[in-house]
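Some notes on the structure that comes next.
By convention in this document, chain letters (A, B, ...) are assigned in the order of the sequence lines, proteins followed by strands, and residues within each chain are numbered from 1. Please read these numbers as outputs of a predicted model, since none were measured by experiment.
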Amino acid sequence: MISPKRLPILGVGIALALGMAACGSDDDAATGSEGSSGGDGASGVSGNIRVDGSSTVAPLTEAAAELFQQENPDVQVTVGTSGTGGGFEKFCAGETDISDASRPIDDAEEVPVCKQNGVKYEEVVVANDALTVVGNPENPVTCLTVDQLNQVWGPDSQLSSWSEITDLDAEFDEELQLFGPGTDSGTFDYFTDAVNGEEGVQRKDYNNVGEDDNATVTGVAGAPGGMGYFGYSFFEENTDTLKAFEIDGGDGCVAPSVEAVQDGSYTPLGRELFIYPSEEALQNEAVREFVSFYIENQEEITSATGFIPMTEEQVTKSHETVDSLAGG
Amino acid sequence: MEAYRPPTERTRFAVAGARANVAAVLGSQPRGDVIRNNVFAGLLGLAVLIALAGLAALLAQAVVEGAPALGTNLITEPPSTIDTANAGFRPALIGSLMMIAFVIVLIVPLGVGAAIYLEEYADNTRWWNRLIELNIQNLAAVPSIIYGILGLGFIVRGPLDLGFILLAGAITLALLVLPVVIIASREAIRAVPPSIREGSLALGATRWQTTRRQVLPAAIPGVATGVILAVSRAIGETAPLLLVGATVFVTFDPTPLGANGYSALPVQIFQYATRPQEEFQTMAAAGIVLMLVVLLAMNSGAIWLRNRYEQKW
């Protein structure tokens with residue numbers, strides 16, 4: 001029989017063994033200096049910036065935060081990935097400073113919540129993206145019109161084979177296998193709005209990959225009749241296993257590319273990516289500097305993360321938006 | 001009380017001798033029985049093999065895929081989007097370890113306390129005690145995302161209003177795994193022979209003294225097993241943490257109450273696995289290896305403690 005005196009040792013033993021190990025390593029952790037701008041660091045600004053929202057935009061914001069922190073080590077930026085909708089939910093509750101978004105804020109459901117909680121904001125463009133419709137390299141079809149996409153993805157679509165799509169530019173008789181993001185995704189919202197004319201409406205019998213667009217890559221690469229859509233960076237990383245369809249928005253076939261998105265010819269699937277800083281957060285010098293930095297260094301940020309940079313015009317407009325919100 | 005002991009050389013020899021005697025007198029076993037015996041043994045072996053093969057495949061894939069990123073930078077460096085070659089999981093690792101420490105501090109007293117009450121004090125002929133019992137068993141099967149919603153509504157916001165802090169994540173995880181600890185601890189307490197209790201009570205000890213000095217020490221290995229299972233589940237949970245505020249990009253070491261956010265290993269691994277760039281997928285695989293190492297280290301520690309306090313009657 002074990003000595004009873006040893007028992008308490010064990011009782012806390014298991015519990016604390018790890019506790020010690022873990023807590024020991026946080027001695028050097030910085031304790032948050034909540035939103036203060038009076039930091040005595042060499043580089044001026046300090047404080048915390050909480051960003052949450054779209055997982056598509058997150059890599060951009062992370063890159064921006066990293067570059068910004070190199071110059072301003074006293075600023076702590078965190079980036080969450082709750083999705084565009086989840087991000088706005090927290091943003092409008094006043095729980096985050098900046099919300100990442102791959103679609104504009106929803107007038108019907110999100111704007112009223114922000115208004116009710118007194119959260120004022122502006123939409124700031126930070127990058128461009130091309131929603132890319134991809135297929136298997138074996139597929140001879142090169143171009144799809146918006147109408148053809150609607151035939152395939154429409155809410156009442158029953159199509160099960162490529163041969164059922166009307167007016168294709170090549171003969172193809174394979175079973176359609178559809179891959180797309182989950183309904184929480186801003187990408188889903190944008191695509192359904194552009195192709196089916198109504199946000200959030202799409203046929204239900206597709207392979208829903210949720211937030212994992214790499215599953216679309218694997219799925220389409222493995223199915224001759226596969227079709228899927230996602231952000232341009234996923235195509236850029238997989239040009240050897242996938243082909244991107246040119247899109248005909250009414251003015252001829254246009255392949256997704258940096259130029260086509262920037263000059264606006266890749267319609268309707270060229271899209272802007274946004275951040276939504278709140279007016280209150282912009283009163284904090286750190287947040288203001290961070291947002292300006294984000295826009296100024298957009299070329300480096302977009303190229304590091306596989307997105308399409310903004311045009312001069314967009315940069316100027318974003319700066320103006322931030323200035324007016326910060327000043328107002 | 002004679003507990004089962006593994007056969008020694010001596011008993012093995014005795015069994016073999018007895019079997020040989022029986023065979024000599026009655027003739028060897030019928031052929032069908034021998035075949036059935038072998039088939040059964042083969043099936044059991046196959047079950048073990050399949051379980052191990054799954055684990056081995058997972059490990060091998062993670063190690064092979066993550067190999068380019070394996071290195072000390074995994075534990076010393078924060079995540080990076082620009083400089084992926086030198087990126088690491090430091091804040092996520094510290095976040096996960098701290099959370100696990102809090103989870104253990106919460107679940108050991110609560111889980112063991114509840115188990116002692118239900119086994120030693122509660123009158124299970126009463127309907128409310130049976131209802132509690134049934135509910136605990138059901139809670140163990142509730143999907144983790146439900147606990148995430150609970151954590152968001154009651155701990156992060158709502159009544160407790162802690163905000164998106166690490167401690168809120170730890171409390172949510174503790175609630176999630178508490179039923180496992182309670183159930184395992186109850187089994188362990190129930191397995192203590194009644195003669196031990198009766199002997200103690202007969203010698204004039206109170207119920208508390210009996211529980212504290214006889215039952216609990218004897219139940220420790222079983223309780224420890226429950227805690228190990230619970231902690232292993234807690235460290236790998238992603239879904240509830242996403243809801244209660246664990247983020248992906250944290251470059252500083254998190255603190256339990258720090259309002260600037262925290263990260264956890266599974267959350268960061270999950271996010272990296274869904275990125276387009278191959279470097280991130282490599283990082284995700286390396287993160288899986290790191291998490292397995294942490295898990296194995298923790299479990300070995302717990303098993304060592306368990307064996308140290310193992311009871312023999």
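Interface remark: of the candidates Pro59(A), Ala65(A), Gly80(A), Ala304(A), Pro59(A) forms the most heavy-atom pairs closer than 4.5 Å to chain B.
Considering Thr61(A), Val51(A), Val79(A) as possible partners of Phe249(B), the one that fulfils the side-chain contact (heavy atoms from CB on, under 4.5 Å) test is Val79(A).
With a 4.5 Å cut-off on side-chain heavy atoms, Ile82(B) and Glu62(A) do not count as touching. Put simply, the side chain of Glu236(A) does not reach to within 4.5 Å of the side chain of Pro276(B), judged on heavy atoms.
The minimum heavy-atom distance linking Ser55(A) with Gln271(B) is given by the pair CB-NE2, 3.7 Å. In plain terms, the two heavy atoms of Gln277(B) and Gly306(A) that are nearest each other are NE2-N, 4.3 Å.
For the pair Glu66(A) (side chain) and Thr81(B) (backbone), a donor-acceptor distance under 3.5 Å is present. Judged by distance alone, with hydrogens and angles left aside, the side-chain atoms of Gln76(A) form no donor-acceptor pair with the main-chain N or O of Thr251(B) at under 3.5 Å. The backbone N or O of Ala273(B) lies less than 3.5 Å from a partner atom in the side chain of Asn214(A), making a donor-acceptor pair.
With a threshold of 4.5 angstrom between heavy atoms, Glu95(A) approaches chain B through side-chain atoms but not through N, CA, C or O. Only the side chain of Leu67(A) comes within contact range of chain B, with at least one heavy atom under 4.5 Å from a heavy atom of that chain. No part of Glu300(A) comes within reach of chain B, as not one of its non-hydrogen atoms sits under 4.5 angstrom from that chain. Contact annotation for Thr56(A): neither backbone nor side-chain heavy atoms come within less than 4.5 Å of a heavy atom of chain B.
Distance OG1/Thr78(A) to CZ/Phe164(B): 11.0 Å, rounded to 0.5 Å. Distance check, rounded to the nearest 0.5 Å: CD of Gln70(A) to OG of Ser80(B) gives 8.0 Å.
Ionic pairing of Glu237(A) and Arg275(B) is not present here: no N-O contact between side-chain nitrogen and carboxylate oxygen is shorter than 4.0 angstrom.
In Phe154(B), the CZ atom is not crowded: 12 or fewer heavy atoms of neighbouring residues, nucleotides or ligands sit closer than 6.0 Å. The number of heavy atoms from other shown groups lying within 6.0 Å of CD (Glu278(B)) does not exceed 12.
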